[in-house]
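Each remark here refers to the structure printed beneath this line.
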Amino acid sequence: MSWYKKIFKKEEKETLDKGLEKSSQGFFDKISKAVVGKSKVDDEVLDDLEEVLIASDVGASTTIKIIERIENRVARDKFVGTDELDKILREEITGLLLDNPHAGSGNIDETKKPYVIMVVGVNGVGKTTTIGKLAHQFKSEGKKVVLGAADTFRAAAVDQLVIWSERVGVPIVKQNMGSDPASVAFDTVQSAVANNADVVIIDTAGRLHNKVNLMNELTKIKRVMQKVLPDAPHEILLVLDGSTGQNAFEQAKQFTAATEVNALAITKLDGTAKGGVVIGISDQFQIPVKYIGVGEKMTDLQLFNGAEFVDSFFKKR
């Protein structure tokens, strides 16, 4: 690894540590209260720990899995001190995350050209910002990127994406307000093929009030893109706002029912104590968490690494 990459990796880890500071602090404060005055991990401690995990937005079903893993260890080791609880929790949560599908280190499949990413998610979750940061990431790697503004129902969505395209310095394909989103997606993929682009990122509308309409619209966008590129989209990336906790679970349920989501981006983790939501969503939906947003800077959208995430989450402040 070059010295430049080592420095970048170090800075990235520091950003992750800082981004998860509130989540980590809140988690350990609750754990400390749960084990105060106790020396042994017993049923009472495990009951308290269950409450802590649920309160940290890990989610009920994932919490039960974690508690069962710890119960098995307690049964096996006969005596487990409360001073070992942090270490055991860290190991079991890492194990759980690594058991789940994960994106690995690769950003995109470079055998697909252009690699088409269709981005879905409700308004306000940081969808446009995530697209902008992704475009910046790909461009920094020397890739040719084209953006498609297929959320034609909100003028603000198109305007924001235009601003990001200018900031990053990548072309954008757009049409008038109210245009057919599938038509924009078709033009975008066609333009990318004609210009030998490496990556296409297409924004879509995030209206959840009518799931049938949403499903029909996303299906149509995919079908129309496939007229140009038969295997597009290669990635359907669902963006979720980590700061909304359990609401993010609900959105994930709705979107995974509406379309074949195969990657997740969880944003806004730096401004919240709800970082545990990443653990729960990864486990419950069995869809790889590919990116996490841990800051405002263009470089603060990171490729998710389960072991590093847990290391930062469990870092004592």
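Computed from a prediction, not measured in an experiment: that's the story for all the values here.
For Asp300 and Lys133, the salt-bridge test fails: no basic side-chain N is under 4.0 Å from an acidic carboxylate O. At a threshold of 4.0 Å, the pair Arg90-Asp311 counts as salt-bridged, since one of the basic side-chain nitrogens sits closer than that to a carboxylate oxygen. Salt-bridge formation is not detected for the pair Lys174/Asp187: no Lys NZ or Arg NE/NH1/NH2 atom is positioned less than 4.0 Å from an Asp or Glu carboxylate oxygen. Salt bridge present: Asp17 and Lys13 bring a charged side-chain N and a carboxylate O closer than 4.0 Å. One finds no salt bridge joining Asp198 and Lys143 here, because no Lys/Arg side-chain nitrogen approaches an Asp/Glu carboxylate oxygen to under 4.0 Å. Look at Lys290 and Glu235 and you find a salt bridge, because one of the NZ, NE, NH1 or NH2 atoms lies within 4.0 Å of a carboxylate O, short of that distance. Salt bridge Lys38/Glu44: present, at least one basic N to carboxylate O contact under 4.0 Å. Ionic pairing of Glu68 and Lys65 is not present here: no N-O contact between side-chain nitrogen and carboxylate oxygen is shorter than 4.0 angstrom. Ion pairing between a basic and an acidic side chain is recognised when a charged N comes within 4.0 Å of a carboxylate O; Glu92 and Arg73 show such pairing.
Panel note: side chain Thr15, backbone Glu11; a donor-acceptor pair is recorded below 3.5 Å. Ser282 places no side-chain N or O within 3.5 Å of a backbone atom of Leu97 that could act as its donor or acceptor partner. Although no hydrogens or angles enter the test, the distance criterion places no donor-acceptor pair under 3.5 Å between the side chain of Glu166 and the main chain of Ile163. Within the 3.5 Å criterion, the main-chain N or O of Lys144 finds no donor-acceptor partner in the side chain of Lys139. No donor-acceptor pair closer than 3.5 Å links the side chain of Thr129 to the backbone N or O of Gly126. In this structure a side-chain-to-backbone donor-acceptor pair under 3.5 Å is missing from Glu12 to Gln302. With hydrogens and angles disregarded, a donor-acceptor distance shorter than 3.5 Å links the side chain of Thr267 to the backbone of Leu240. Proximity of a side-chain donor or acceptor of Asp180 to a complementary backbone N or O of Ala182 within less than 3.5 Å is detected. Although no hydrogens or angles enter the test, the distance criterion places a donor-acceptor pair under 3.5 Å between the side chain of Gln226 and the main chain of Ala232.
Rounded to the nearest 0.5 Å, atoms CD1 (Ile172) and CD1 (Ile131) are 9.0 Å apart. Summarising the geometry, atom CE belonging to Met225 is positioned 13.5 Å from atom CD belonging to Gln190; distances are rounded to the nearest 0.5 Å. To the nearest 0.5 Å, the span separating CD1 on Ile93 from CD1 on Ile279 amounts to 4.5 Å. We find the OG1-CZ distance between Thr244 and Phe249 to be 10.0 Å, quoted to the nearest 0.5 Å. With values rounded to the nearest 0.5 angstrom, Arg223 atom CZ is found 12.0 Å from Leu218 atom CG. Atom CG in Asp57 sits 10.0 Å away from atom OG in Ser243 (nearest 0.5 Å).
The environment of NZ in Lys222 is crowded: more than 12 heavy-atom neighbours from other residues, nucleotides or ligands sit within 6.0 Å. Residue Lys227 qualifies as open at atom NZ: its count of foreign heavy atoms under 6.0 Å is 12 or below. Dense packing is recorded around CD of Glu14, with more than 12 heavy atoms of other residues, nucleotides or ligands lying under 6.0 Å away. Under a cut-off of 6.0 angstrom, the local environment of CG in Asn176 is sparse, with at most 12 non-hydrogen atoms contributed by other residues, nucleotides or ligands. The local environment of CD in Glu296 is sparse, with at most 12 non-hydrogen atoms from other residues, nucleotides or ligands closer than 6.0 Å. Counting non-hydrogen atoms of neighbouring residues, nucleotides and ligands closer than 6.0 angstrom, the CG atom of Asp231 exceeds 12 such neighbours.
Annotation: side chain of Ile31 is in contact with side chain of Leu49 (closest heavy-atom distance under 4.5 Å). Taking 4.5 Å as the limit, every side-chain heavy atom of Thr94 sits out of range of all side-chain heavy atoms of Phe309. Under the 4.5 Å side-chain criterion, counting only non-hydrogen atoms from C-beta, Thr130 is not in contact with Val119. Annotation: side chain of Leu147 is not in contact with side chain of Asp203 (no heavy-atom distance under 4.5 Å). Between Leu301 and Leu134 the shortest side-chain heavy-atom distance falls below 4.5 Å. Between Val120 and Leu237, every side-chain heavy-atom pair lies at or beyond the 4.5 Å cut-off. Between Asn123 and Asp151 the shortest side-chain heavy-atom distance falls below 4.5 Å. Lys274 has its side chain out of reach of Lys22: every pair of non-hydrogen atoms, C-beta onward, lies at least 4.5 Å apart.
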For Gln254 and Val122, run side chain to side chain contact (heavy atoms under 4.5 Å, CB included): C-alpha distance rounded to whole Å, both residues' side-chain angles, the deciding distance at 0.1 Å, then the answer.
CA-CA 10 Å; Gln254 299 271 354; Val122 299; over 6 Å; no
Take Phe304 and Tyr291 through the ring pair (Phe, Tyr, Trp, His ring centres under 6.0 Å) test and state the conclusion after the steps.
CA-CA 5 Å; Phe304 179 66; Tyr291 304 100; over 10 Å; no
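Grouping the Ile, Leu, Val, Met, Phe, Trp and Tyr side chains by contacts below 4.5 angstrom, directly or via other members, places Ile117 apart from Val184. Tracing side-chain contacts under 4.5 Å through hydrophobic residues (I, L, V, M, F, W, Y), one never reaches Trp164 starting from Val146; they form parts of separate clusters. With hydrophobic clusters built from ILVMFWY side chains whose heavy atoms lie under 4.5 angstrom apart, Val168 does not share a cluster with Val173. Connection of Leu303 to Leu269 is established within a shared hydrophobic cluster, with ILVMFWY side chains joined at heavy-atom distances below 4.5 Å, either directly or through further cluster members. Connection of Ile54 to Phe313 is not established within any shared hydrophobic cluster, with ILVMFWY side chains joined at heavy-atom distances below 4.5 Å, either directly or through further cluster members.
Between Ile67 and Leu46, the shortest heavy-atom distance links the atoms CD1-O, 3.7 Å. Smallest separation of non-hydrogen atoms from Val193 and Pro114: CG2-CD, 4.0 Å. In plain terms, the two heavy atoms of Glu217 and Ala205 that are nearest each other are OE2-CB, 3.7 Å. Across every non-hydrogen atom of Leu229 and His234, the tightest pair is CD2-CE1, 4.0 Å. The two residues Thr152 and Ser179 make their nearest non-hydrogen contact at OG1-O, 2.7 Å. Minimum interatomic distance between Ser23 and Gly275 (heavy atoms only, all atoms of both residues): OG-N, 2.7 Å.
By the 30° and 60° cut-offs, the orientation of the rings of Phe28 relative to Phe314 is perpendicular.
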